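When a residue number appears, it is its place in the shown sequence, counting from 1. The shown structure was predicted, so the numbers you read here are calculated from the model rather than taken from an experiment.
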Amino acid sequence: MKRIVSILALILALSIVFTLMVGCNNDNKDNNDKDNDKGAEEIVYVDYTVTVVDGLNNPVGNVIVNFAKDGSETKMRVTDKDGKASYKNAVAGDYTVTLEQGLSDVVIEQNEYKLTKDITSLKAVVRDMSNTISIYGDVPENAFAYTVVDGVYNVVCESGKTFLVFNAPVEGIYNVSFTSDDTNMTIGHYGIPMFVQASHCGDLDYDGKSFQLVIKDKTTPYVIGIFATKDTVATLSIERIGDAPFDPSYDAEWVEVQASAVLEKCNLNGKTLVDFDIASKDITVSLGDDGYYYTNSGKLVYVRISTPTGHGYVDENQQFVPILGGSLALLSGHVDSNVGINIGGYVYDSKGNFVEKLRYNDMIKTYSDYTDPTYGVVPLTVELAECIMLHGESNGWWNQNGGSYLFTNVEVNPENAWLFLCMIEE
């Protein structure tokens, strides 16, 4: 009996030990399974999208977009009419996106971008050659501008200047303004495409946030510059707000002045002439009873028609440069068909009201047929004096602060400046 009890006790003990061992093994297996689950990352699939636009936020199609993930095959897509290219159900991760021109008409200035598991979309800006032109002047090399008419545009701006060229569909007054989250953004008119200036060049009220253009010639392009202090989008508005005011340079016809004096061929009979001393304060001129001008010493005043003035300066190459560089006949288009301007100007009344626009080109041609063969002069008449004075006044020849001032390098008495083309007897 004792033996049987001992055997049963041994069996029971072995059973307990076995049970404990199985339990420990199961616990270890469960723990190992949990550890394996922790080390395995779940694969996530996402859709990656690239949108290609131009600088006016217009979608650009036919651009090739490559999606490349390290260690995996590159997927190529082409942007649709909405400018979008998508890589759907892609394994989430870090992707390098590159752009190629494809069948589009664009220039790609930045062709590489990054996408990640968290950043699954991006916008790429390219230059669309179909709506941009090159610009020159105070701009970086290879600078360009987007072409616009009146309307509203969403302009993609990088920090710095973004340029646009505005072509007015009709004449008028146009207001140019913008809205943006860039509180320091400014806008201005910077000239024309061939000569972009460094700062705003409008002559109306200007606050940096808007300006107006008075356009009489719709063929003239105007460069608009937007200066941004951060990368952003500006909503540009160009609106016609009224008709352009009367401008005689566009709205008035030239009145051609004909020679009215009784003319005779100029014959100096061997006289020697010298250029009128325009620096002298002792010489004055007045109109004689015969319709010609004389000095206060009684000398007849002649005016050069077909020869350049003897007043001028010596340049850095020791070459003499006459004022204007030519003659009245040349300037009025009667010597060289490729050279010529309108000789004359605008006439206003005492109240500043426009009266007429006078041109003396035909009159100068008539006088040129009566000049002497040596000096190319004729006696100075009232109508020739009026021609020179009106043209000089209209073009700023006597204005020392103007860009057309004639006497920068020449000593002159302002009272006699208009006589720079004249000669008197020696």
Rounded distance (nearest 0.5 Å) linking atom OG of S134 with atom CZ of F144 | 9.0 Å
Just do the ring-ring contact (aromatic ring centres under 6.0 Å, His included) check on Y95 and Y48 with the steps written out, would you?
-> CA-CA 9 Å; Y95 283 81; Y48 288 105; 4.8 Å; yes
So, do Y302 and L273 sit near enough that their side-chain heavy atoms are less than 4.5 Å apart?
-> yes
Measuring from L406:CG to W398:CH2, what's the distance to the nearest 0.5 Å?
-> 6.0 Å
Could you tell me whether F407 and Y405 have their ring centroids closer than 6.0 angstrom?
-> yes
Does Y153 use its side chain to pair, donor to acceptor, with the backbone of V149 at less than 3.5 Å?
-> yes
What pair of heavy atoms forms the shortest contact from Y174 to P169, and how long is it?
-> OH-CD, 3.6 Å
Is D275 salt-bridged to R304, cutoff N-O under 4.0 Å?
-> yes
For the atom pair OG1 (T116) and CD1 (I119), what is the distance rounded to the nearest 0.5 Å?
-> 4.0 Å
is_close_aromatic(F354, F246), centroid dist under 6.0 Å | yes
Is there side-chain contact between V155 and F178, with heavy atoms separated by less than 4.5 Å?
-> no
Identify which one of F211, Y222, Y190 satisfies the ring-ring contact (aromatic ring centres under 6.0 Å, His included) criterion when paired with H200.
-> F211
Is it true that K265 and D369 make a salt bridge, defined as a side-chain N closer than 4.0 Å to a carboxylate O?
-> no
Is any side-chain N of the basic residue among R359 and E256 closer than 4.0 Å to the acidic one's carboxylate O?
-> yes
Is it the case that more than 12 heavy atoms not belonging to Y45 sit under 6.0 Å from its OH atom?
-> no
Got L300 and P379 here, is their nearest side-chain heavy-atom distance under 4.5 Å?
-> yes
Quick check: are there more than 12 heavy atoms from other residues, nucleotides or ligands sitting under 6.0 Å from CG of D181?
-> yes
Student check: side-chain heavy atoms of T235 and S180 closer than 4.5 Å | no
Contact summary for S404 and W397, nearest pair of heavy atoms = O-CD1, 3.5 Å
So, E171 and R240, do they make that salt bridge, N to O below 4.0 Å?
-> yes
